[in-house]
Amino acid sequence: MARVAFIGLGNMGGGMAANLVKAGHEVIAFDLAEPAIERARGNGASIATSAAEAVEGAEAVVTMLPAGKHVAQVYRESIIGKAPTSAILMDCSTIDVATAKTVESEAQAADYTMVDAPVSGGIAAADGGTLTFMVGGSDDGFAKAQPFLEKMGKAVIHAGGPGAGQAAKICNNMLLGATMAATCEAFVLAQKLGLDPQTFFDISSKASGQSWSMTSYCPVPGVGPETPADRDYEGGFAAALMLKDLKLAMEAAQEAGAYTPMGGEAEELYQRFVDRGGAHKDFSALIKMIDDSWKAPAGGGSISPPVTKLD
Ligand code: NAD
């Protein structure tokens, strides 16, 4: 059993902190939002009055925050210099590669071991302890983080040095955004050409066009396994979060000088969908904009803020 500080108890962090408690750890939690604090208290965490108080005497620190600016601020103001240097620092938020690397080098300069450990899997996986962690950092950092991350996930993979976890996460999600957009287009075109969606699924899911977006997360209701499409695109992975990840990928591509036209198209499509009120819908609901059946929720137009607070 270890003393673990957990900062950021939102949709994802709330379930993750609860799983650390279930694993027998003493969790000292902090969030700015009262409902998040109450949920963590109910799940057996002790509540600190600030992030700096939460990390006092911690053997491990986990952060699960909205974006890079929150991560940089919390580490600079409340973790580095406040937590014992023996504590393993794990940032599980999805943030830009550049900020991840900067914060990790600042932590290292102050004698800490830190890893970036973003996750794949949504709120259900966070609650159920079945997330996949992609870890960036040294071998030593990975070895120290792994026992904690294993309590919150089904797979913990060492992606490489600092920032490599974030790089893996955004490349994966750029691929996911682009394949989902292409899958939506293919189903819409197939239907316009007179093909039955189930028949097209039966063919394409066994042919060279198959992808996870088609076989595990089909955007057409009633086709393939049960997906958010069967629940009017509720639950699942919000389009606003897909847009966030695509923006991070495009930013990274620009910095790295990589040519990513398909990622750019996907970003533009998701931006349009979010601007038309789709932010809270599962990202596979993009098909409704593509087949022109999308009706923005009452109030119409752009809605904000989306599911998570974006910059
Ligand atoms: P969320 O907005 O529900 O939770 C973030 C929490 O951080 C909030 O409770 C907020 O009050 C808290 N917070 C913000 N600034 C803080 C500060 N300075 N100190 C303490 N607490 C602070 O977001 P989420 O859905 O839990 O996502 C968290 C991260 O996980 C994001 O980076 C997101 O991109 C990533 N992610 C989310 C999902 C998903 O399905 N929701 C999936 C994979 C990855």
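Both ligands and their constituent atoms are indexed starting at 1 by order of listing.
Checked by atom type, the side-chain pair D140/S138 shows no donor-acceptor distance below 3.5 Å. Counted by atom type alone, T99 and D96 present one or more donor-acceptor pairs between their side chains at under 3.5 Å. For K247 and Q271, the side-chain atoms include at least one donor-acceptor pair closer than 3.5 Å. At a cut-off of 3.5 Å, with distance as the only test, no side-chain donor of D91 or Y75 sits close to an acceptor on the other residue. Residues T179 and S213 bring a donor and an acceptor atom of their side chains to less than 3.5 Å of each other.
With K169 contributing its side chain and A164 its backbone, the two residues share no donor-acceptor pair below 3.5 Å.
For A51, the closest heavy-atom approach to ligand 1 does not fall below 4.0 Å. Using a 4.0 Å cutoff on heavy atoms, Q73 does not count as a contact of ligand 1.
In this structure, F200 and F187 have perpendicular ring planes: the angle between them is above 60°, well past the 30° mark. Ring planes of F283 and F237: perpendicular class, angle over 60° (limits at 30 and 60°).
Remark: ligand 1 atoms within the under-4.0 Å shell around heavy atoms of L241 are 38 (C), 39 (C), 40 (O), 41 (N). Within ligand 1, the atoms closer than 4.0 Å to a non-hydrogen atom of K244 are 31 (C), 32 (O), 33 (C), 34 (O), numbered from 1 in the order shown. Atoms of ligand 1 found under 4.0 Å from any heavy atom of S93, numbered from 1 in the order shown, are 32 (O). For ligand 1, the atoms sitting less than 4.0 Å from at least one non-hydrogen atom of F30 are 19 (N), 20 (C), numbered in the order shown with element in parentheses. Set against the non-hydrogen atoms of G8, the atoms of ligand 1 under 4.0 Å away are 7 (O). The atoms of ligand 1 that sit less than 4.0 Å from any heavy atom of G122 are 40 (O). Shown in contact with A33 at under 4.0 Å from a heavy atom are these atoms of ligand 1, numbered in order with element: 11 (O).
In this structure, F30 has its ring center at least 6.0 angstrom away from the ring center of F6.
Checking only distances, M12 does come within under 3.5 Å of ligand 1, N or O to N or O. In terms of polar-atom proximity, defined here as any N/O pair under 3.5 Å, L65 does make such a contact with ligand 1. Here's the thing with H70: none of its N/O atoms is less than 3.5 angstrom from an N/O atom of ligand 1. For ligand 1, one of its N or O atoms has an N or O atom of P66 under 3.5 Å away.
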For residues 220-231, run the donor-acceptor check on the side chains, cut-off 3.5 Å, and write out each pair with its distance to 0.1 Å, sequence neighbours left out.
unit_1, atom_1, unit_2, atom_2, d
T227, OG1, C218, O, 3.1
T227, OG1, A229, N, 3.2
D230, OD1, G222, N, 2.6
D230, OD2, T227, N, 2.9

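Of the options P118, A54, G121, C92, the smallest heavy-atom separation from atom 42 (C) of ligand 1 is shown by G121. Selection from L248, I7, I95, T94 by nearest heavy atom to atom 44 (C) of ligand 1 gives T94. Of the listed residues (D31, N11, L9, L32), the one carrying the non-hydrogen atom nearest atom 9 (O) of ligand 1 is D31.
Within the 4.0 Å heavy-atom criterion, neither part of R39 lies near ligand 1.
At least one side-chain heavy atom of D139 sits less than 4.5 Å from a side-chain heavy atom of H158.
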